[in-house]
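Note sheet for the following structure.
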Amino acid sequence: MMAMLFVLLTAFSASARPASIREDEKAPAAAAKKATVMRGRASWYGREHQGHRTSNGERFDRNKYTCAHKTLPFGTKLRVSNPETGESVVVRVTDRGPFRHQRILDLSEVAARPLGIVTHGAVSVVAEVVSPDTPLGPTNAPENLAALATDSTVAVGLLADVRAGASEAADVTLTPEPTATYVIQAGTFGDARNARAVMDKIQSLEPKLLVTTVTTSTLEGKALNRVVVGRFATAAEADTVRQRLARLGIAGLVRQGENL
């Protein structure tokens, strides 16, 4: 009897362990489904823009997997999916836009074609922010695409949610897109001391203005120090301050803050 009980307990323990492991393995997979997403219409651009400079300084190539978004940092990668067809592509943000209707993305021609956007002009999509090392191009749709298209609880953050109406004019914004901000760039310097001198001059003349430096680097690794003034809600507001600084002998230009 004892021997039989030992065999049964051993068998039960052995069968329970894999089930426990499988349940544990499900937790990371469920967490991985959480994503920062956008929902809305995407359009496309192609031949007429071929070779033109994009907002990040690159030349537009309609045969590369890129896109335009109003505020996401340049280089952000997105998996864009058509919930109706289940087709998906991964693209990289290189440009600003779209600025028509309530569209959330403009895709390059090669990226837009498999999603049916070239055929229809604009299509409702779901876009997720993905890892920077995600390969560009056609990819598998997320397993929870249907939920991502409708259920806000599966998203870590909802950057935009624009529900399609009978026409684009009838689209309804449930979650508005983040708005762009504007700054005045008052110079770019290789030597941080020169940037500091300009900062000090501005602060002595306009002590109420916020003045900072943004440090970046060139492709060759050379440091660049940008003197940045303010953070304004509109380009017009920023330009009013730019003109005031110009009268004081400080040149500058208005830029979208997210482009720095």
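In what follows, residues are counted from 1 in the order of the sequence shown. In what follows, every heavy atom counts, from backbone to side chain, and hydrogens, waters and symmetry copies are set aside.
- The side chain to side chain contact (heavy atoms under 4.5 Å, CB included) test with R244 is passed by exactly one of L205, I184, L209: L209.
- Side-chain contact check for T188 and Q185: at least one donor-acceptor pair (N or O, by modelled atom type) lies under 3.5 Å.
- One distance of note links CD of E109 with CH2 of W44; it measures 4.5 Å at 0.5 Å rounding.
- Taken from CG in N194 to CG in N225, the straight-line distance is 9.0 Å, to the nearest 0.5 Å.
- Here the CZ atom belonging to F232 is positioned 11.5 Å from the CZ atom belonging to R242, to the nearest 0.5 angstrom.
- Checking side-chain atoms of T173 against main-chain N and O of P176 turns up no donor-acceptor pair under 3.5 Å.
- In this structure, the side chains of M38 and E128 stay at 4.5 Å or more apart for every pair of heavy atoms.
- Tracing side-chain contacts under 4.5 Å through hydrophobic residues (I, L, V, M, F, W, Y), one never reaches M199 starting from V228; they form parts of separate clusters.
- Under the 3.5 Å distance criterion, the side-chain polar atoms of D95 are matched with a main-chain donor or acceptor of S55.
- Hydrophobic clustering of Ile, Leu, Val, Met, Phe, Trp and Tyr side chains at less than 4.5 Å, counting indirect connections, unites V90 with V118.
- Salt-bridge check for E168 with R100: failed, with every basic side-chain N at 4.0 Å or more from each acidic carboxylate O.
- The main-chain N or O of P132 is found under 3.5 Å from a side-chain atom of K77 such that the two form a donor-acceptor pair.
- One distance of note links SG of C67 with CG of L72; it measures 8.0 Å at 0.5 Å rounding.
- At least one side-chain heavy atom of V80 sits less than 4.5 Å from a side-chain heavy atom of V125.
- P178 and T71 make their closest contact through O-CG2, 3.5 Å (heavy atoms, listed as atom of the first residue, atom of the second, distance).
- The shortest non-hydrogen separation linking N82 to L115 is ND2-O, 2.9 Å.
- A distance of 11.0 Å separates CG of L245 from OG1 of T240, quoted to the nearest 0.5 Å.
- For the pair R59/H49, no side-chain contact is recorded, criterion being any heavy-atom separation below 4.5 Å from C-beta on.
- Judged by distance alone, with hydrogens and angles left aside, the side-chain atoms of S108 form a donor-acceptor pair with the main-chain N or O of K64 at under 3.5 Å.
- By the 4.0 Å N-to-carboxylate-O rule, E177 lies close enough to K70 to be salt-bridged with it.
- L158 places a side-chain heavy atom less than 4.5 Å from the side chain of V37.
- Taking T54 as the reference, N56 meet the side chain to side chain donor-acceptor pair (under 3.5 Å) condition, with sequence neighbours excluded.
- Remark: R231 pairs with T181 by the side chain to side chain donor-acceptor pair (under 3.5 Å) rule, at least two apart or across chains.
- Note on R163 versus D171: no salt bridge recorded, every NZ/NE/NH1/NH2 to OD/OE distance being 4.0 Å or above.
- Counting heavy atoms from C-beta outward, V214 and V183 have side chains that stay 4.5 Å or more apart.
- At most 12 heavy atoms of other shown residues, nucleotides or ligands fall within 6.0 angstrom of atom CD in E84.
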Stepwise side-chain contact (heavy atoms from CB on, under 4.5 Å) check, R255 with L260: CA-CA 8 Å; R255 294 191 61 184; L260 297 176; 3.5 Å; yes
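- Between T175 and L159, every side-chain heavy-atom pair lies at or beyond the 4.5 Å cut-off.
- For D106 and S43, the side-chain atoms include at least one donor-acceptor pair closer than 3.5 Å.
- A heavy-atom distance below 4.5 Å is found between the side chains of P142 and S88.
- For L145 against G86, the heavy-atom pair with the smallest separation is CD2-CA, 4.1 Å.
- Residues that satisfy the side chain to side chain donor-acceptor pair (under 3.5 Å) test with R193, not counting sequence neighbours, are D191.
- For N63, the CG atom is densely surrounded, since the number of other residues' heavy atoms within 6.0 Å is greater than 12.
- Nearest heavy atoms, A127 versus L105: CB-CD1, 3.8 Å.
- Across every non-hydrogen atom of F99 and G97, the tightest pair is CE1-CA, 3.4 Å.
- A search for side-chain contact (heavy atoms from CB on, under 4.5 Å) contacts involving D133 returns S131, not counting sequence neighbours.
- Between D61 and Q50 the shortest side-chain heavy-atom distance falls below 4.5 Å.
- Counting only N and O atoms by type, the side chains of T134 and R79 include no donor and acceptor under 3.5 Å apart.
- Under the ring pair (Phe, Tyr, Trp, His ring centres under 6.0 Å) criterion, the residue pairs touching residues 54-82 are Y45-F60, with sequence neighbours excluded.
- Atom-to-atom distance recorded for T215:OG1 and L224:CG is 9.0 Å, nearest 0.5 angstrom.
- Residue V172 belongs to a hydrophobic cluster whose other members are L174, with links defined by side-chain heavy atoms closer than 4.5 Å.
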